[in-house]
> 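Okay, here's the structure, questions in a sec.
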Amino acid sequence: MRRPVVAGNWKMHGMRAENARLVEALIEGADDASCEVVICPPFVYLWETGRQLKDTTIALGAQSVCAEVQGAFTGEVSAAMLKDAGCRYAIVGHSERRQLYYEDDALVARKFVAAQAAGLVPILCVGETLEERDRGVTEDVIGRQLDAVIAVAGVTALARAIVAYEPVWAIGTGKTATPDQAQAAHAFIRGRVAARDANIGGGLRLLYGGSVKAANAAELFGKPDVDGGLVGGASLKADEFLRICAAAT
Ligand code: PGA
């Protein structure tokens, strides 16, 4: 049985006072039941949000992580620092990082390894653009993104990771993949991993991301290979996010 996960990716939103109110409402509303809840604030607020989450069932995650261990990397934050600040998870390979900050498959793989080496659970994002979907190369793209990590980290590393399928055309656009489109991509990812190691493929937790809202969450999470969601915009509203979490349990 795979335990469902709902992770909120705040992106570059929120300031101290509103973060505190949002987190307070989440703590009040979260039932500590079967769904694992993670929130990923901007780096600068991790420590403070982590303090607020202390002794709750909600976990802290980072939105990115540096591939290097330490040294002269101005502006970067290492995995060990994130762990030290209270993070349990780190998102790697988000499409905004890939597209806007030119993070390629090789760098994403190194970030994945760096996160695990410091004891963080990577949430590895993969997904195709609209142009790639229209060209019929969705599986090639996702397969390539996944294989790049497996080549460097090994398939066994996926036992300590989460994978998020996030079609780029569905992120922040209000366009959600249909439950069948999500299921097809998830089944492909699970099969790709299971071909190397059946146990790890079977146990791998796969999140769908891309315009998840309370109104579509239950249908998406109802698919057999969808184990929860990576939620952007809708994670900034406590009620909405809590309803999404409830849909995952
Ligand atoms: P969205 O973002 O829910 O706002 O589409 C998802 C994500 O980028 O993780």
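The model shown is predicted, which means the values in this text are computed figures rather than measured ones. We use all heavy atoms of the structure for the numbers below, so side chains are in, but hydrogens, waters and symmetry mates are not. Atoms within a ligand are numbered from 1 in the order they appear, just like the ligands themselves.
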> Measure the acute angle between the ring planes of Y208 and Y165, then classify it against the limits of 30° and 60° as parallel, tilted or perpendicular.
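Y208 vs Y165 ring planes: tilted.
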> Considering only the protein, which heavy-atom contact is closest to atom 2 (O) of ligand 1, and what is its distance?
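Looking at atom 2 (O) of ligand 1, the protein heavy atom closest to it is K11 NZ, 3.3 Å.
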> If you measure from the Lys or Arg side-chain nitrogens to the Asp or Glu carboxylate oxygens, is any gap between D225 and R205 under 4.0 Å?
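Looking at D225 and R205, the cut-off is not met.
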> Would H94 count as being in polar contact with ligand 1, using the rule that some N or O on each side must be under 3.5 angstrom apart?
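Yes, there is a polar N/O contact under 3.5 Å.
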> Is I171 touching ligand 1 with its side chain, its backbone, both, or neither, if touching means heavy atoms under 4.0 Å apart?
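Both parts.
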> Taking atom 7 (C) of ligand 1 as the point of reference, which of E166, K213, K175 owns the nearest heavy atom?
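Residue with the shortest heavy-atom distance to the ligand atom: E166.
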> Could you tell me whether the side chain of V163 reaches within less than 4.5 Å of the side chain of V149, counting heavy atoms only?
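The answer is no; the side chains never approach within 4.5 Å.
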> Does an N or O anywhere in V231 fall below 3.5 Å from an N or O of ligand 1?
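No; every N/O pair is 3.5 Å or more apart.
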> Would D105 and R110 pass as an ion pair if we require N to O under 4.0 Å?
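Salt bridge flag = no for R110 with D105.
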> So which heavy atom on A177 is nearest to which on P167, and how close?
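In this case the closest contact between A177 and P167 is CB-CG, 4.3 Å.
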> Strictly under 4.0 Å, does any heavy atom of A170 approach an atom of ligand 1?
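Yes, A170 has heavy atoms under 4.0 Å from ligand 1.
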> Closer than 4.0 angstrom: is that true for some heavy atom of G172 and an atom of ligand 1?
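Judged by the 4.0 Å heavy-atom criterion, G172 does count as contacting ligand 1.
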> Compare every heavy atom of Q63 with every heavy atom of K11, then report the nearest pair and how far apart it is.
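So the minimum-distance heavy-atom pair works out to O-NE2, 3.0 Å.
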> So do E68 and E76 actually touch side chain to side chain, heavy atoms under 4.5 Å?
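When only atoms from C-beta onward are counted, E68 and E76 do not touch, as no gap falls below 4.5 Å.
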> Should you measure from each heavy atom of N9, which atoms of ligand 1 turn up under 4.0 Å away?
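Taking each heavy atom of N9 in turn, ligand 1 has 9 (O) under 4.0 Å.
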> Of all the non-hydrogen atoms in the protein, which one sits nearest to atom 4 (O) of ligand 1, and at what distance?
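That would be G233 N, 2.8 Å.
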> Hey, does G232 come in under 3.5 Å of ligand 1, counting only N/O atoms on both sides?
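Yes; at least one N/O pair falls below 3.5 Å.
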> Ligand 1 versus S235, non-hydrogen atoms closer than 4.0 Å: side chain, backbone, both, neither?
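It is neither part, as no heavy atom is under 4.0 Å.
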> For the residue pair V231 and V212, what are the closest heavy atoms and their distance?
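Scanning both residues completely, I find the closest heavy atoms to be CG1-O, 4.0 Å.
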> Take every heavy atom of G210, measure it against each atom of ligand 1, and state whether any distance is under 4.0 Å.
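Yes, G210 has a heavy atom closer than 4.0 Å to ligand 1.
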